[in-house]
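Heads up, the thing below is written out as structure tokens.
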Amino acid sequence: MTIADRSPAAPIILTLQVDAASAALLDAMRRRHFPPTLNHISAHLTLFHNLPYTEENTILTEVAKLAAATRPFDVMISGPMKLGRGVALTVESEALLALRSHLADAFASWLIAQDRQKFRPHVTIQNKVAPHEAAALFDHIAATLTPFAATAEGIQLWRYVGGPWSPIAAVPFQAGESERPRERG
């Protein structure tokens, strides 16, 4: 676990950390298609959009506990998802759904409406463009993207500071190869 900037109080965001090669590919797509004046952050898969900064230590403890019992696992980047005025890439993984469900249970009393909705894992590569531009990118990706596997390596905690995000911690999955990711049913 690495701890970085301790910025002033602001909501905490949790994202899934993927392997460097996949992250670079996803970020290159985001830089190519996201309006540059609005693109303040790298490509990411958000697990939770707004957790209370007052619970940072509890959140970090719960994430570290889960990460210690979880080994890296594959997620499939499988195709485009319409966002109305943008496009995301769909991410599929039973292990990811189980991990997110476990954390949602732990954080249930803090979840905002957006984080209580059904979890649809995705990486946004375009947003806030004209609908016809989003439709064209969706069609292009649907016709050209070859689905690929990325490796989920950990969970990142961020502080929302207005547009950019400030890193709090990166917590790697640490379970041994003989262990299985903890799944909740």
Side-chain angles (χ1 to χ4, degrees), residues 1-70 72-73 75 77 81 83 85-89 91 93 96-97 99-117 119-129 150-174:
M1 171 175 23
T2 58
I3 306 258
D5 182 25
R6 294 271 182 192
S7 304
I12 295 174
I13 301 164
L14 267 59
T15 61
L16 184 71
Q17 182 175 339
V18 298
D19 64 277
S22 297
L25 175 65
L26 294 167
D27 199 45
M29 291 179 77
R30 183 177 172 101
R31 282 192 316 272
R32 189 167 40 252
H33 300 293
F34 210 97
T37 58
L38 302 175
N39 192 16
H40 304 293
I41 55 179
S42 297
H44 57 279
L45 189 158
T46 303
L47 298 170
F48 297 95
H49 297 85
N50 185 333
L51 295 173
Y53 70 88
T54 56
E55 300 297 337
E56 179 178 328
N57 289 336
T58 304
I59 294 165
L60 192 52
T61 297
E62 187 64 32
V63 167
K65 207 168 37 173
L66 182 59
T70 303
F73 57 88
V75 298
I77 313 298
M81 171 191 293
L83 298 178
R85 294 185 48 161
V87 177
L89 297 179
V91 179
S93 166
L96 174 59
L97 295 176
L99 178 133
R100 204 288 186 164
S101 177
H102 176 88
L103 290 174
D105 288 348
F107 304 149
S109 64
W110 307 328
L111 298 183
I112 62 170
Q114 183 178 18
D115 288 333
R116 286 192 309 264
Q117 294 175 359
F119 181 52
R120 298 181 330 153
H122 65 277
V123 176
T124 302
I125 59 168
Q126 180 190 64
N127 207 359
K128 301 178 178 140
V129 300
T151 302
E153 297 183 338
I155 298 173
Q156 298 166 311
L157 289 80
W158 305 88
R159 190 174 316 287
Y160 178 75
V161 289
W165 297 354
S166 177
I168 297 171
V171 185
F173 296 141
Q174 301 169 36

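Position 1 is the first residue of the sequence; numbering continues from there. Everything quoted here is computed from the prediction, not taken from an experiment.
Here Q117 pairs with nothing under the side-chain contact (heavy atoms from CB on, under 4.5 Å) rule; sequence neighbours left out. Legend: residues meeting side-chain contact (heavy atoms from CB on, under 4.5 Å) with R32, ordered by chain and number and at least two apart, are M29. Checked against ring pair (Phe, Tyr, Trp, His ring centres under 6.0 Å), F107 has the following partners two or more places apart in sequence or in another chain: F48, W110. Applying the salt bridge (charged side-chain N to carboxylate O under 4.0 Å, His left out) rule to D115 yields no partners; only residues at least two apart in sequence or on another chain are considered. With sequence neighbours excluded, no residue satisfies salt bridge (charged side-chain N to carboxylate O under 4.0 Å, His left out) with E55. Every side-chain hydrogen bond (donor to acceptor under 3.5 Å, both in side chains) that R30 has, sequence neighbours left out, goes to N39. Partners of H44 under the ring pair (Phe, Tyr, Trp, His ring centres under 6.0 Å) rule, at least two apart in sequence or in another chain, are W165.
When atom types are taken as modelled, the side chain of R85 and the backbone of V129 share a donor-acceptor pair closer than 3.5 angstrom. Side chain of S101 to main chain of L97: no donor-acceptor pair is present (N/O by atom type, distance under 3.5 Å, no hydrogens or angles).
For the atom pair E56 CD and I12 CD1, the distance stands at 4.5 Å (nearest 0.5 Å). Between atom CG of residue L83 and atom CZ of residue R120 there is a gap of 7.5 Å, rounded to the nearest 0.5 Å. The distance from atom CG of L111 to atom CG of L51, rounded to the nearest 0.5 Å, is 6.5 Å. One distance of note links OG of S166 with CD1 of I41; it measures 12.5 Å at 0.5 Å rounding. Considering CD1 of I125 and CE of M81, their distance stands at 11.5 Å, rounded to 0.5 Å.
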Side-chain donor-acceptor pairs under 3.5 Å in residues 15-28, sequence neighbours left out?
unit_1	atom_1	unit_2	atom_2	d
T15	OG1	Q156	OE1	3.0
T15	OG1	W158	NE1	2.9
D19	OD1	S22	OG	2.9
D19	OD1	T151	N	2.7
D19	OD2	A21	N	3.4
D19	OD2	S22	N	2.9
D19	OD2	S22	OG	3.0
D27	OD1	A43	N	2.9
D27	OD2	R31	NH1	2.6

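The nearest pair of heavy atoms linking A10 to Y160 is CB-O, 2.8 Å. Shortest non-hydrogen contact noted between F119 and T46 is CE1-O, 3.5 Å. Closest of all the heavy-atom pairs between T124 and N127 is CG2-CB, 4.1 Å. In terms of heavy atoms, L45 sits closest to P121 at CD1-CB, 4.2 Å.
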**OP:** Check the pair L99, L47 against side-chain contact (heavy atoms from CB on, under 4.5 Å), reporting the backbone distance first and the verdict last.
**Re:** CA-CA 10 Å; L99 178 133; L47 298 170; 4.3 Å; yes
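Of the listed residues (V63, L60, I59, T70), just one forms a side chain to side chain contact (heavy atoms under 4.5 Å, CB included) with I155, and that residue is V63.
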